[in-house]
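Being a predicted model, the structure only gives us computed values, none of them experimental.
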Amino acid sequence: MALEIKIPAVGESITEVTIAKWLKKDGEAVKRDEVIAELESDKATFELPAEADGILKIRVAEGETIGIGTVIADLDGAVTGAAPAPAATAPAPAAASAPAADPINKGEENPAASDQAGYGGAAAAAPAAPAAGGGSVEMKIPNVGESIAEVTVAKWLKEDGAQVSRDEVIAELESDKATFELPAEAAGILRHAVKEGETISIGAVIARIEGGSGAAPAAPAPAAATAAPVAALASAPVAGGAATYATGVPSPAAGKILDEKGIAATDVAGTGRDGRITKEDAQNAQAKPAAAPALQAAPATAQVPATSSQAAGGSREVRRERMSNLRKTVARRLVTVKNETAMLTTFNEVNMQPIMDLRNKFKDQFKAKNGVGLGFMSFFTKAVCVALKEWPSVNAQIDGTDIVFNDFCDISIAVSAPKGLVVPVIRNAEQLSFEGIEKEVVRLAGLARDNKLTIEQMTGGTFTLTNGGVFGSMLSTPIINAPQSAILGMHNIIQRPIAENGQVVIRPMMYLALSYDHRIIDGRESVSFLVRVKELLEDPSRLLLGV
(Lines give C-alpha, C1' and ligand atoms only; values in the text may rest on other atoms or scores of the structure.)
Protein backbone atom coordinates (compact mmCIF):
# COMPACT_ATOMS: atom_id res chain seq x y z
CA MET A 1 0.00 0.00 0.00
CA ALA A 2 1.05 3.61 -0.54
CA LEU A 3 1.34 6.04 2.37
CA GLU A 4 0.93 9.79 1.75
CA ILE A 5 3.52 12.07 3.37
CA LYS A 6 2.06 15.48 4.23
CA ILE A 7 3.62 18.69 5.51
CA PRO A 8 3.01 18.70 9.30
CA ALA A 9 2.16 21.76 11.38
CA VAL A 10 5.55 23.20 12.35
CA GLY A 11 4.50 26.15 14.52
CA GLU A 12 1.95 28.85 15.11
CA SER A 13 1.51 31.45 12.33
CA ILE A 14 3.44 29.28 9.83
CA THR A 15 1.10 28.49 6.91
CA GLU A 16 3.58 27.44 4.23
CA VAL A 17 7.07 26.01 3.85
CA THR A 18 9.62 25.58 1.07
CA ILE A 19 11.21 22.26 0.05
CA ALA A 20 14.80 23.35 0.65
CA LYS A 21 16.40 20.00 -0.24
CA TRP A 22 15.45 16.39 -0.88
CA LEU A 23 17.91 14.19 1.04
CA LYS A 24 16.58 11.01 -0.65
CA LYS A 25 16.06 10.49 -4.39
CA ASP A 26 12.83 9.59 -6.15
CA GLY A 27 12.45 5.80 -6.22
CA GLU A 28 14.92 5.24 -3.39
CA ALA A 29 14.14 2.87 -0.52
CA VAL A 30 13.89 4.61 2.85
CA LYS A 31 13.54 3.49 6.46
CA ARG A 32 11.06 4.64 9.09
CA ASP A 33 12.22 7.87 10.84
CA GLU A 34 14.98 8.41 8.25
CA VAL A 35 15.21 12.12 7.31
CA ILE A 36 14.15 12.46 3.68
CA ALA A 37 13.92 16.23 3.20
CA GLU A 38 14.70 19.66 4.67
CA LEU A 39 11.90 22.23 4.90
CA GLU A 40 12.28 25.99 5.36
CA SER A 41 9.83 28.56 6.67
CA ASP A 42 10.45 32.28 7.11
CA LYS A 43 11.45 31.54 10.71
CA ALA A 44 13.41 28.28 10.82
CA THR A 45 14.60 25.11 9.07
CA PHE A 46 12.99 21.71 9.78
CA GLU A 47 13.77 18.09 8.96
CA LEU A 48 11.08 15.75 7.56
CA PRO A 49 11.37 12.07 8.60
CA ALA A 50 9.82 9.10 6.77
CA GLU A 51 6.74 7.79 8.54
CA ALA A 52 7.35 4.17 7.49
CA ASP A 53 9.59 1.88 5.43
CA GLY A 54 8.98 1.97 1.69
CA ILE A 55 9.92 3.30 -1.76
CA LEU A 56 9.91 7.13 -1.96
CA LYS A 57 7.87 8.72 -4.74
CA ILE A 58 8.40 12.51 -4.81
CA ARG A 59 5.47 14.74 -5.80
CA VAL A 60 6.89 18.24 -5.14
CA ALA A 61 10.20 19.49 -6.56
CA GLU A 62 12.95 21.28 -4.61
CA GLY A 63 12.43 25.01 -4.23
CA GLU A 64 8.63 24.91 -4.37
CA THR A 65 6.60 26.59 -1.61
CA ILE A 66 3.54 24.69 -0.39
CA GLY A 67 0.93 24.94 2.36
CA ILE A 68 0.74 23.01 5.62
CA GLY A 69 -1.04 19.67 5.12
CA THR A 70 -0.07 19.34 1.43
CA VAL A 71 1.00 15.89 0.20
CA ILE A 72 4.63 16.08 -0.98
CA ALA A 73 5.47 12.39 -1.48
CA ASP A 74 4.24 8.79 -1.29
CA LEU A 75 5.79 5.70 0.27
CA ASP A 76 5.00 2.66 -1.89
CA GLY A 77 4.81 -0.64 -0.05
CA ALA A 78 4.86 1.24 3.25
CA VAL A 79 5.01 -0.89 6.38
CA THR A 80 3.71 1.23 9.26
CA GLY A 81 3.88 -1.30 12.08
CA ALA A 82 6.93 -1.00 14.33
CA ALA A 83 9.13 -4.11 14.51
CA PRO A 84 9.25 -5.74 17.98
CA ALA A 85 12.33 -4.92 19.99
CA PRO A 86 14.86 -7.81 20.25
CA ALA A 87 14.92 -7.54 24.04
CA ALA A 88 11.21 -8.34 24.30
CA THR A 89 11.82 -12.04 23.58
CA ALA A 90 15.45 -12.42 24.68
CA PRO A 91 16.05 -14.90 27.53
CA ALA A 92 17.20 -13.52 30.85
CA PRO A 93 20.85 -14.71 30.63
CA ALA A 94 21.31 -13.06 27.22
CA ALA A 95 19.83 -9.82 28.49
CA ALA A 96 22.13 -9.82 31.46
CA SER A 97 25.16 -9.99 29.20
CA ALA A 98 24.04 -7.10 26.99
CA PRO A 99 26.40 -4.48 28.45
CA ALA A 100 29.43 -6.68 27.79
CA ALA A 101 28.30 -7.53 24.25
CA ASP A 102 27.61 -3.93 23.26
CA PRO A 103 30.42 -1.45 24.03
CA ILE A 104 28.13 1.42 23.02
CA ASN A 105 26.07 0.91 26.16
CA LYS A 106 29.01 0.85 28.56
CA GLY A 107 28.25 4.37 29.67
CA GLU A 108 24.84 3.22 30.94
CA GLU A 109 26.45 1.00 33.55
CA ASN A 110 28.22 4.00 35.04
CA PRO A 111 26.57 4.94 38.36
CA ALA A 112 27.24 8.59 37.53
CA ALA A 113 25.00 8.38 34.49
CA SER A 114 21.93 9.29 36.51
CA ASP A 115 23.58 12.55 37.51
CA GLN A 116 23.86 13.49 33.84
CA ALA A 117 20.17 13.08 33.12
CA GLY A 118 18.38 16.26 32.16
CA TYR A 119 18.47 18.98 29.56
CA GLY A 120 22.07 20.09 29.35
CA GLY A 121 22.03 21.60 32.82
CA ALA A 122 18.40 22.77 32.84
CA ALA A 123 16.21 21.61 35.70
CA ALA A 124 14.47 18.37 34.69
CA ALA A 125 11.07 17.24 35.89
CA ALA A 126 10.94 14.91 38.86
CA PRO A 127 11.34 11.35 37.57
CA ALA A 128 8.18 9.30 37.63
CA ALA A 129 8.00 6.34 39.96
CA PRO A 130 8.76 3.05 38.17
CA ALA A 131 5.62 1.22 37.23
CA ALA A 132 5.16 -2.22 38.69
CA GLY A 133 3.93 -5.33 36.97
CA GLY A 134 3.90 -4.20 33.33
CA GLY A 135 2.56 -0.67 33.90
CA SER A 136 3.63 2.38 31.89
CA VAL A 137 5.44 5.63 32.69
CA GLU A 138 4.27 8.85 31.01
CA MET A 139 7.12 11.12 29.97
CA LYS A 140 6.27 14.82 29.92
CA ILE A 141 8.23 17.81 28.64
CA PRO A 142 9.90 19.39 31.69
CA ASN A 143 10.45 23.09 32.29
CA VAL A 144 13.67 23.88 30.41
CA GLY A 145 14.03 27.59 31.17
CA GLU A 146 12.27 30.88 31.71
CA SER A 147 10.16 32.24 28.83
CA ILE A 148 10.24 28.88 26.98
CA ALA A 149 6.64 27.72 26.62
CA GLU A 150 7.05 25.09 23.90
CA VAL A 151 9.66 22.91 22.22
CA THR A 152 9.96 21.01 18.95
CA VAL A 153 10.76 17.29 18.72
CA ALA A 154 13.82 17.67 16.52
CA LYS A 155 14.77 13.98 16.33
CA TRP A 156 13.84 10.68 17.90
CA LEU A 157 17.05 8.80 18.78
CA LYS A 158 15.08 5.66 19.67
CA GLU A 159 12.38 4.21 17.43
CA ASP A 160 8.82 3.52 18.46
CA GLY A 161 8.72 0.07 20.07
CA ALA A 162 12.44 0.04 20.93
CA GLN A 163 13.75 -1.22 24.28
CA VAL A 164 15.35 1.61 26.29
CA SER A 165 17.23 1.86 29.55
CA ARG A 166 16.73 4.38 32.31
CA ASP A 167 18.64 7.66 31.65
CA GLU A 168 19.29 6.69 28.02
CA VAL A 169 18.82 9.69 25.71
CA ILE A 170 15.81 8.96 23.51
CA ALA A 171 15.13 12.28 21.75
CA GLU A 172 16.46 15.73 20.93
CA LEU A 173 14.26 18.76 21.55
CA GLU A 174 14.72 22.28 20.22
CA SER A 175 13.42 25.60 21.50
CA ASP A 176 13.95 29.03 20.00
CA LYS A 177 17.06 29.35 22.19
CA ALA A 178 18.84 25.99 22.43
CA THR A 179 18.82 22.24 21.80
CA PHE A 180 18.13 19.79 24.64
CA GLU A 181 18.37 16.04 25.16
CA LEU A 182 15.55 13.98 26.68
CA PRO A 183 16.58 10.98 28.83
CA ALA A 184 14.31 8.02 29.55
CA GLU A 185 12.77 8.09 33.03
CA ALA A 186 12.54 4.28 33.26
CA ALA A 187 13.51 1.11 31.42
CA GLY A 188 10.99 -0.56 29.12
CA ILE A 189 9.39 -0.42 25.67
CA LEU A 190 9.24 3.11 24.20
CA ARG A 191 5.99 4.31 22.63
CA HIS A 192 6.03 7.67 20.82
CA ALA A 193 3.15 10.04 21.50
CA VAL A 194 4.46 12.86 19.26
CA LYS A 195 6.00 12.78 15.78
CA GLU A 196 9.30 14.36 14.79
CA GLY A 197 8.90 18.00 13.79
CA GLU A 198 5.86 18.60 15.99
CA THR A 199 5.85 21.52 18.44
CA ILE A 200 4.43 20.79 21.88
CA SER A 201 3.96 22.73 25.10
CA ILE A 202 5.85 22.36 28.37
CA GLY A 203 4.17 19.63 30.42
CA ALA A 204 2.70 17.78 27.43
CA VAL A 205 3.12 13.99 27.17
CA ILE A 206 5.77 13.15 24.60
CA ALA A 207 6.10 9.38 25.11
CA ARG A 208 5.19 6.38 27.29
CA ILE A 209 7.47 3.63 28.53
CA GLU A 210 5.58 0.35 28.86
CA GLY A 211 6.63 -2.14 31.50
CA GLY A 212 8.78 0.62 32.97
CA SER A 213 11.17 -0.51 35.69
CA GLY A 214 14.33 1.16 36.79
CA ALA A 215 16.78 -1.64 35.93
CA ALA A 216 16.05 -3.41 32.62
CA PRO A 217 19.17 -3.28 30.44
CA ALA A 218 19.09 -2.43 26.76
CA ALA A 219 18.99 -5.29 24.26
CA PRO A 220 22.22 -6.06 22.42
CA ALA A 221 22.41 -4.54 18.96
CA PRO A 222 23.44 -6.68 15.96
CA ALA A 223 27.20 -6.83 15.45
CA ALA A 224 27.02 -5.36 11.95
CA ALA A 225 25.06 -2.35 13.16
CA THR A 226 27.48 -1.56 15.98
CA ALA A 227 30.75 -2.07 14.16
CA ALA A 228 30.93 1.42 12.65
CA PRO A 229 29.86 3.35 15.78
CA VAL A 230 32.31 1.39 17.94
CA ALA A 231 35.17 2.19 15.59
CA ALA A 232 34.22 5.85 15.63
CA LEU A 233 34.01 5.95 19.41
CA ALA A 234 37.44 4.39 19.76
CA SER A 235 38.98 7.49 18.23
CA ALA A 236 36.77 10.03 20.04
CA PRO A 237 36.91 9.59 23.81
CA VAL A 238 34.81 11.85 26.01
CA ALA A 239 36.64 13.87 28.62
CA GLY A 240 36.18 12.40 32.04
CA GLY A 241 34.38 9.20 30.92
CA ALA A 242 33.87 6.48 28.33
CA ALA A 243 32.62 7.28 24.83
CA THR A 244 28.95 6.67 24.05
CA TYR A 245 26.70 6.55 20.99
CA ALA A 246 26.37 10.37 21.20
CA THR A 247 30.11 11.10 21.00
CA GLY A 248 30.93 13.28 17.98
CA VAL A 249 27.31 13.29 16.76
CA PRO A 250 25.90 16.77 15.99
CA SER A 251 22.41 17.82 17.06
CA PRO A 252 20.04 18.68 14.16
CA ALA A 253 20.69 22.41 14.59
CA ALA A 254 24.46 21.83 14.81
CA GLY A 255 24.40 19.56 11.76
CA LYS A 256 22.64 22.24 9.73
CA ILE A 257 25.26 24.86 10.69
CA LEU A 258 28.17 22.51 9.94
CA ASP A 259 26.69 21.69 6.52
CA GLU A 260 26.38 25.40 5.73
CA LYS A 261 30.00 25.96 6.76
CA GLY A 262 31.21 22.87 4.92
CA ILE A 263 32.83 21.46 8.07
CA ALA A 264 32.86 17.73 8.82
CA ALA A 265 31.56 16.61 12.22
CA THR A 266 34.81 14.67 12.75
CA ASP A 267 36.69 18.00 12.80
CA VAL A 268 34.64 19.40 15.71
CA ALA A 269 35.05 18.58 19.39
CA GLY A 270 31.67 18.20 21.11
CA THR A 271 31.14 19.84 24.50
CA GLY A 272 27.58 18.57 25.02
CA ARG A 273 26.46 15.63 27.06
CA ASP A 274 28.52 12.48 26.30
CA GLY A 275 30.56 14.47 23.76
CA ARG A 276 27.63 15.46 21.52
CA ILE A 277 28.27 18.42 19.20
CA THR A 278 25.97 21.29 20.25
CA LYS A 279 24.72 24.27 18.28
CA GLU A 280 27.28 26.48 20.05
CA ASP A 281 30.11 24.08 19.09
CA ALA A 282 29.04 24.31 15.45
CA GLN A 283 28.82 28.12 15.54
CA ASN A 284 32.34 28.35 16.99
CA ALA A 285 33.83 25.76 14.61
CA GLN A 286 36.37 26.95 12.07
CA ALA A 287 37.04 25.23 8.75
CA LYS A 288 40.51 23.75 8.33
CA PRO A 289 42.70 25.55 5.78
CA ALA A 290 42.65 23.91 2.38
CA ALA A 291 45.64 21.74 1.52
CA ALA A 292 48.19 23.19 -0.86
CA PRO A 293 47.65 22.06 -4.47
CA ALA A 294 49.87 19.25 -5.72
CA LEU A 295 52.99 20.37 -7.53
CA GLN A 296 52.33 17.87 -10.33
CA ALA A 297 49.28 19.90 -11.37
CA ALA A 298 51.39 22.73 -12.80
CA PRO A 299 52.73 20.93 -15.91
CA ALA A 300 49.25 19.58 -16.70
CA THR A 301 47.62 23.01 -16.70
CA ALA A 302 50.43 24.48 -18.74
CA GLN A 303 49.46 22.22 -21.65
CA VAL A 304 45.90 23.66 -21.86
CA PRO A 305 45.61 26.29 -24.63
CA ALA A 306 44.87 29.74 -23.24
CA THR A 307 41.42 31.19 -24.00
CA SER A 308 40.36 34.80 -23.92
CA SER A 309 38.80 34.40 -20.46
CA GLN A 310 41.91 32.68 -19.09
CA ALA A 311 44.11 35.38 -20.55
CA ALA A 312 42.22 37.98 -18.53
CA GLY A 313 43.36 36.24 -15.36
CA GLY A 314 41.40 35.48 -12.16
CA SER A 315 38.45 33.22 -11.47
CA ARG A 316 35.24 33.58 -13.51
CA GLU A 317 33.15 31.07 -11.59
CA VAL A 318 29.47 31.82 -10.93
CA ARG A 319 27.88 30.68 -7.68
CA ARG A 320 24.10 30.38 -7.28
CA GLU A 321 22.37 30.12 -3.90
CA ARG A 322 18.70 29.72 -3.12
CA MET A 323 17.26 32.77 -1.36
CA SER A 324 16.46 32.01 2.29
CA ASN A 325 12.89 32.37 3.51
CA LEU A 326 13.96 35.21 5.80
CA ARG A 327 15.44 37.09 2.84
CA LYS A 328 12.29 36.39 0.78
CA THR A 329 10.12 37.79 3.57
CA VAL A 330 12.25 40.93 3.95
CA ALA A 331 12.25 41.49 0.19
CA ARG A 332 8.49 41.03 -0.08
CA ARG A 333 7.75 43.40 2.80
CA LEU A 334 10.09 46.13 1.53
CA VAL A 335 8.57 46.06 -1.95
CA THR A 336 5.07 46.11 -0.44
CA VAL A 337 5.91 49.18 1.67
CA LYS A 338 7.39 51.00 -1.31
CA ASN A 339 4.35 50.24 -3.46
CA GLU A 340 1.59 50.80 -0.89
CA THR A 341 2.75 53.89 1.03
CA ALA A 342 3.25 57.51 0.03
CA MET A 343 6.82 57.47 1.34
CA LEU A 344 8.78 60.70 1.55
CA THR A 345 12.07 61.60 3.26
CA THR A 346 13.08 64.82 4.99
CA PHE A 347 16.64 65.61 6.15
CA ASN A 348 18.43 67.64 8.80
CA GLU A 349 21.86 67.73 10.42
CA VAL A 350 22.90 67.56 14.07
CA ASN A 351 25.94 68.99 15.83
CA MET A 352 27.08 66.02 17.95
CA GLN A 353 29.65 68.01 19.97
CA PRO A 354 27.46 68.49 23.10
CA ILE A 355 26.65 64.78 23.31
CA MET A 356 30.27 63.79 22.70
CA ASP A 357 31.46 66.18 25.42
CA LEU A 358 28.88 64.79 27.86
CA ARG A 359 29.86 61.18 27.06
CA ASN A 360 33.57 61.90 27.45
CA LYS A 361 32.94 63.52 30.81
CA PHE A 362 30.78 60.80 32.37
CA LYS A 363 31.28 57.58 30.37
CA ASP A 364 33.75 56.04 32.86
CA GLN A 365 31.54 56.79 35.86
CA PHE A 366 28.45 55.62 33.96
CA LYS A 367 30.02 52.27 33.09
CA ALA A 368 31.44 51.76 36.59
CA LYS A 369 28.01 52.33 38.13
CA ASN A 370 25.75 50.59 35.60
CA GLY A 371 27.99 47.96 34.04
CA VAL A 372 27.22 49.13 30.49
CA GLY A 373 28.72 51.77 28.21
CA LEU A 374 27.06 55.09 27.43
CA GLY A 375 26.43 55.10 23.67
CA PHE A 376 24.67 57.38 21.22
CA MET A 377 21.62 55.14 20.92
CA SER A 378 20.24 56.05 24.35
CA PHE A 379 20.37 59.77 23.50
CA PHE A 380 18.58 59.22 20.19
CA THR A 381 15.98 56.93 21.76
CA LYS A 382 15.19 59.43 24.54
CA ALA A 383 15.00 62.31 22.06
CA VAL A 384 12.72 60.37 19.74
CA CYS A 385 10.37 59.40 22.60
CA VAL A 386 9.98 63.04 23.65
CA ALA A 387 9.30 64.12 20.05
CA LEU A 388 6.81 61.29 19.48
CA LYS A 389 4.76 62.46 22.48
CA GLU A 390 4.62 65.97 20.99
CA TRP A 391 3.82 64.77 17.43
CA PRO A 392 1.61 61.66 17.95
CA SER A 393 0.84 61.13 14.25
CA VAL A 394 4.48 60.09 13.72
CA ASN A 395 3.85 57.36 16.32
CA ALA A 396 0.58 56.24 14.69
CA GLN A 397 -0.31 53.77 11.95
CA ILE A 398 -3.07 53.17 9.41
CA ASP A 399 -5.43 50.23 9.93
CA GLY A 400 -7.88 50.07 7.03
CA THR A 401 -9.83 53.33 7.16
CA ASP A 402 -8.76 54.11 10.74
CA ILE A 403 -5.70 55.78 12.26
CA VAL A 404 -4.39 54.02 15.38
CA PHE A 405 -2.58 56.35 17.81
CA ASN A 406 -0.22 54.82 20.38
CA ASP A 407 0.27 56.48 23.78
CA PHE A 408 3.47 54.47 24.32
CA CYS A 409 6.79 54.29 22.47
CA ASP A 410 7.94 50.82 21.41
CA ILE A 411 11.16 51.63 19.57
CA SER A 412 12.44 49.12 16.99
CA ILE A 413 16.23 49.00 16.60
CA ALA A 414 17.48 47.74 13.21
CA VAL A 415 20.29 45.19 13.67
CA SER A 416 22.31 43.44 10.97
CA ALA A 417 22.21 39.74 12.00
CA PRO A 418 24.06 36.84 10.31
CA LYS A 419 20.90 35.77 8.43
CA GLY A 420 19.68 39.27 7.51
CA LEU A 421 18.22 42.48 8.90
CA VAL A 422 16.11 42.13 12.06
CA VAL A 423 14.37 44.77 14.20
CA PRO A 424 14.04 43.85 17.89
CA VAL A 425 11.80 46.15 19.94
CA ILE A 426 12.53 48.14 23.11
CA ARG A 427 9.15 48.12 24.90
CA ASN A 428 7.93 51.32 26.61
CA ALA A 429 11.19 53.09 25.89
CA GLU A 430 9.69 56.38 27.12
CA GLN A 431 9.75 55.00 30.68
CA LEU A 432 13.36 53.77 30.60
CA SER A 433 16.41 55.64 31.86
CA PHE A 434 19.64 55.99 29.86
CA GLU A 435 20.92 52.94 31.73
CA GLY A 436 17.79 50.89 30.93
CA ILE A 437 17.91 51.74 27.23
CA GLU A 438 21.62 50.88 26.90
CA LYS A 439 21.11 47.52 28.61
CA GLU A 440 18.16 46.69 26.36
CA VAL A 441 20.14 47.63 23.24
CA VAL A 442 23.04 45.38 24.27
CA ARG A 443 20.72 42.48 25.19
CA LEU A 444 18.64 42.58 22.02
CA ALA A 445 21.64 43.07 19.74
CA GLY A 446 23.32 40.05 21.32
CA LEU A 447 20.23 37.88 20.78
CA ALA A 448 20.03 39.06 17.17
CA ARG A 449 23.64 38.16 16.40
CA ASP A 450 23.15 34.71 18.00
CA ASN A 451 19.92 34.14 16.01
CA LYS A 452 17.98 33.73 19.26
CA LEU A 453 15.35 36.46 18.89
CA THR A 454 11.75 35.33 19.27
CA ILE A 455 8.89 36.49 17.06
CA GLU A 456 7.42 38.45 19.98
CA GLN A 457 10.69 40.36 20.40
CA MET A 458 10.59 41.53 16.77
CA THR A 459 6.95 42.57 16.41
CA GLY A 460 4.79 45.42 17.67
CA GLY A 461 7.13 48.41 17.35
CA THR A 462 5.68 51.89 16.78
CA PHE A 463 8.79 53.69 15.43
CA THR A 464 12.17 52.51 14.11
CA LEU A 465 15.77 53.72 14.49
CA THR A 466 18.39 52.53 12.01
CA ASN A 467 22.07 53.44 12.18
CA GLY A 468 23.82 53.10 8.84
CA GLY A 469 26.62 55.27 10.18
CA VAL A 470 28.29 52.28 11.81
CA PHE A 471 29.03 51.02 8.29
CA GLY A 472 30.18 54.42 7.03
CA SER A 473 26.96 55.66 5.40
CA MET A 474 26.89 59.44 4.98
CA LEU A 475 23.29 59.80 3.77
CA SER A 476 20.40 57.46 2.92
CA THR A 477 16.61 57.26 2.59
CA PRO A 478 15.54 54.39 4.86
CA ILE A 479 12.40 52.40 4.01
CA ILE A 480 9.53 52.40 6.53
CA ASN A 481 9.16 49.31 8.69
CA ALA A 482 5.48 48.43 8.10
CA PRO A 483 2.95 48.82 9.65
CA GLN A 484 4.76 51.75 11.25
CA SER A 485 4.53 55.18 9.63
CA ALA A 486 8.06 56.56 10.07
CA ILE A 487 11.71 55.60 10.49
CA LEU A 488 14.72 57.72 11.53
CA GLY A 489 18.04 57.03 9.80
CA MET A 490 21.29 57.92 11.59
CA HIS A 491 24.55 58.32 9.66
CA ASN A 492 28.28 58.65 10.22
CA ILE A 493 29.77 61.55 12.16
CA ILE A 494 32.10 63.72 10.05
CA GLN A 495 34.16 66.76 11.07
CA ARG A 496 32.77 69.56 8.88
CA PRO A 497 33.06 73.37 8.87
CA ILE A 498 29.88 75.15 10.02
CA ALA A 499 28.99 78.70 11.02
CA GLU A 500 28.52 79.48 14.73
CA ASN A 501 27.93 83.05 15.89
CA GLY A 502 29.33 84.39 12.64
CA GLN A 503 32.49 82.28 12.88
CA VAL A 504 33.50 79.23 10.85
CA VAL A 505 34.27 76.32 13.20
CA ILE A 506 34.89 72.60 12.81
CA ARG A 507 32.25 70.39 14.44
CA PRO A 508 31.34 66.65 14.41
CA MET A 509 28.19 66.63 12.28
CA MET A 510 25.65 63.90 11.52
CA TYR A 511 22.95 63.85 8.86
CA LEU A 512 19.52 62.61 9.96
CA ALA A 513 16.90 61.26 7.54
CA LEU A 514 13.23 60.81 8.48
CA SER A 515 11.23 58.68 6.02
CA TYR A 516 7.49 58.88 6.64
CA ASP A 517 4.14 57.89 5.17
CA HIS A 518 2.64 61.07 3.71
CA ARG A 519 -0.87 59.56 3.92
CA ILE A 520 -0.88 60.02 7.69
CA ILE A 521 1.99 62.45 8.40
CA ASP A 522 1.97 65.94 6.85
CA GLY A 523 5.08 67.88 5.96
CA ARG A 524 4.66 70.26 8.91
CA GLU A 525 4.54 67.38 11.36
CA SER A 526 7.49 65.49 9.87
CA VAL A 527 9.76 68.53 9.69
CA SER A 528 8.73 69.75 13.16
CA PHE A 529 9.37 66.28 14.60
CA LEU A 530 12.88 66.16 13.11
CA VAL A 531 13.68 69.70 14.26
CA ARG A 532 12.58 68.78 17.79
CA VAL A 533 14.90 65.74 17.76
CA LYS A 534 17.73 68.01 16.57
CA GLU A 535 17.10 70.49 19.43
CA LEU A 536 17.14 67.75 22.06
CA LEU A 537 20.36 66.21 20.73
CA GLU A 538 22.22 69.50 20.43
CA ASP A 539 21.26 70.43 24.01
CA PRO A 540 21.03 67.13 26.01
CA SER A 541 20.12 69.02 29.19
CA ARG A 542 16.63 69.42 27.66
CA LEU A 543 16.20 65.64 27.99
CA LEU A 544 16.81 65.86 31.73
CA LEU A 545 14.60 68.88 32.29
CA GLY A 546 11.82 67.90 29.84
CA VAL A 547 11.89 71.21 27.95
Side-chain angles (χ1 to χ4, degrees), residues 13-18 20 40-45 63-65 320-347 377 380-381 384 388 393-400 403-404 406 409-426 441 444-445 447-449 451 453-492 511-521 523 526 529-530:
S13 78
I14 298 179
T15 59
E16 61 182 16
V17 296
T18 300
E40 279 189 353
S41 74
D42 57 351
K43 300 179 178 69
T45 302
E64 289 193 27
T65 299
R320 183 184 295 269
E321 292 183 1
R322 183 179 288 108
M323 187 181 292
S324 68
N325 276 15
L326 174 61
R327 179 56 61 185
K328 289 179 185 177
T329 302
V330 171
R332 183 174 62 251
R333 292 189 62 189
L334 292 180
V335 172
T336 300
V337 170
K338 197 170 183 65
N339 292 337
E340 296 184 359
T341 63
M343 194 174 72
L344 192 64
T345 305
T346 184
F347 303 93
M377 193 58 70
F380 277 86
T381 303
V384 161
L388 289 176
S393 61
V394 184
N395 200 38
Q397 60 194 53
I398 294 178
D399 183 13
I403 298 178
V404 180
N406 302 295
C409 300
D410 284 355
I411 307 299
S412 303
I413 306 294
V415 178
S416 180
K419 291 187 177 181
L421 185 69
V422 293
V423 279
V425 181
I426 300 177
V441 169
L444 294 173
L447 292 174
R449 295 188 183 96
N451 295 317
L453 283 172
T454 64
I455 301 301
E456 292 75 14
Q457 290 171 326
M458 293 187 288
T459 55
T462 62
F463 185 88
T464 297
L465 286 173
T466 179
N467 186 5
V470 296
F471 304 110
S473 171
M474 185 186 77
L475 194 61
S476 68
T477 56
I479 297 180
I480 299 169
N481 179 24
Q484 300 171 18
S485 298
I487 180 173
L488 181 67
M490 305 158 56
H491 300 89
N492 61 355
Y511 286 126
L512 297 182
L514 177 72
S515 293
Y516 60 97
D517 189 347
H518 214 334
R519 296 177 301 166
I520 184 175
I521 303 171
S526 63
F529 171 87
L530 194 55

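Evaluation of the side-chain contact (heavy atoms from CB on, under 4.5 Å) rule for V404 yields Q397, D399, N406 as partners, not counting sequence neighbours. In this view, R449 satisfies the salt bridge (charged side-chain N to carboxylate O under 4.0 Å, His left out) rule with no residue, not counting sequence neighbours. Taking the side-chain contact (heavy atoms from CB on, under 4.5 Å) definition, one finds that S473 meets it with S476, H491, sequence neighbours left out. Residues satisfying the side-chain hydrogen bond (donor to acceptor under 3.5 Å, both in side chains) test with T464, not counting sequence neighbours, are N481, Q484. Residues passing the side-chain contact (heavy atoms from CB on, under 4.5 Å) test with E64 are V60, A61, sequence neighbours excluded.
Taking every heavy atom of both residues into account, A448 and V422 meet most closely at CB-CG2, 3.7 Å. Looking at every heavy atom in both residues, I480 comes nearest to A486 through CG2-N, 4.0 Å. Taking all atoms of both residues into account, the shortest heavy-atom contact from G63 to T18 is O-CG2, 3.7 Å.
When each of T477, L514, L512, L530 is paired with F347, the side chain to side chain contact (heavy atoms under 4.5 Å, CB included) condition holds for T477 and for no other.
Within the 4.5 Å cutoff, side-chain heavy atoms of I411 are placed close to those of L465. Residues I426 and I413 meet the side-chain proximity criterion, which asks for heavy atoms closer than 4.5 Å. Annotation: side chain of I479 is not in contact with side chain of I487 (no heavy-atom distance under 4.5 Å). Side-chain atoms of Q457 and V425, non-hydrogen and from C-beta on, never get closer than 4.5 Å to each other. You'll find the side chain of L488 reaches within 4.5 Å of the side chain of V384, heavy atoms only.
In this structure a side-chain-to-backbone donor-acceptor pair under 3.5 Å is present from R333 to A482. With hydrogens and angles ignored, the 3.5 Å screen pairs no side-chain donor or acceptor of E340 with any backbone N or O of V337. The closest donor-acceptor contact from the side chain of S515 to the backbone of P478 lies under 3.5 Å. Using a distance-only test at 3.5 Å, with no hydrogens or angles considered, a donor-acceptor pair links the side chain of S485 to the main chain of A396. Between the S526 side chain and the G523 main chain, a donor and an acceptor come within less than 3.5 Å of each other.
For the atom pair M343 CE and D517 CG, the distance stands at 9.5 Å (nearest 0.5 Å). Note: M490 CE to N492 CG = 11.0 Å, rounded to the nearest 0.5 Å. Taken to the nearest 0.5 Å, the NZ atom of K338 stands 12.5 Å off from the OG1 atom of T336. Remark: L444 CG to M458 CE distance equals 10.5 Å, nearest 0.5 Å.
Sorted pairs that involve residues 463-488 and meet salt bridge (Lys or Arg N to Asp or Glu O under 4.0 Å), not counting sequence neighbours, are lacking altogether.
Donor-acceptor pairing under 3.5 Å is lacking for the side chains of D410 and T462.
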Assess the residue pair L344 and Y516 against the criterion (side-chain contact (heavy atoms from CB on, under 4.5 Å)); give the C-alpha distance rounded to whole Å, side-chain angles, the decisive distance to 0.1 Å, and a yes or no. CA-CA 6 Å; L344 192 64; Y516 60 97; 3.0 Å; yes

Assess the residue pair T65 and V17 against the criterion (side-chain contact (heavy atoms from CB on, under 4.5 Å)); give the C-alpha distance rounded to whole Å, side-chain angles, the decisive distance to 0.1 Å, and a yes or no. CA-CA 6 Å; T65 299; V17 296; over 6 Å; no

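For F463 and F529, the distance between ring centers is under 6.0 angstrom.
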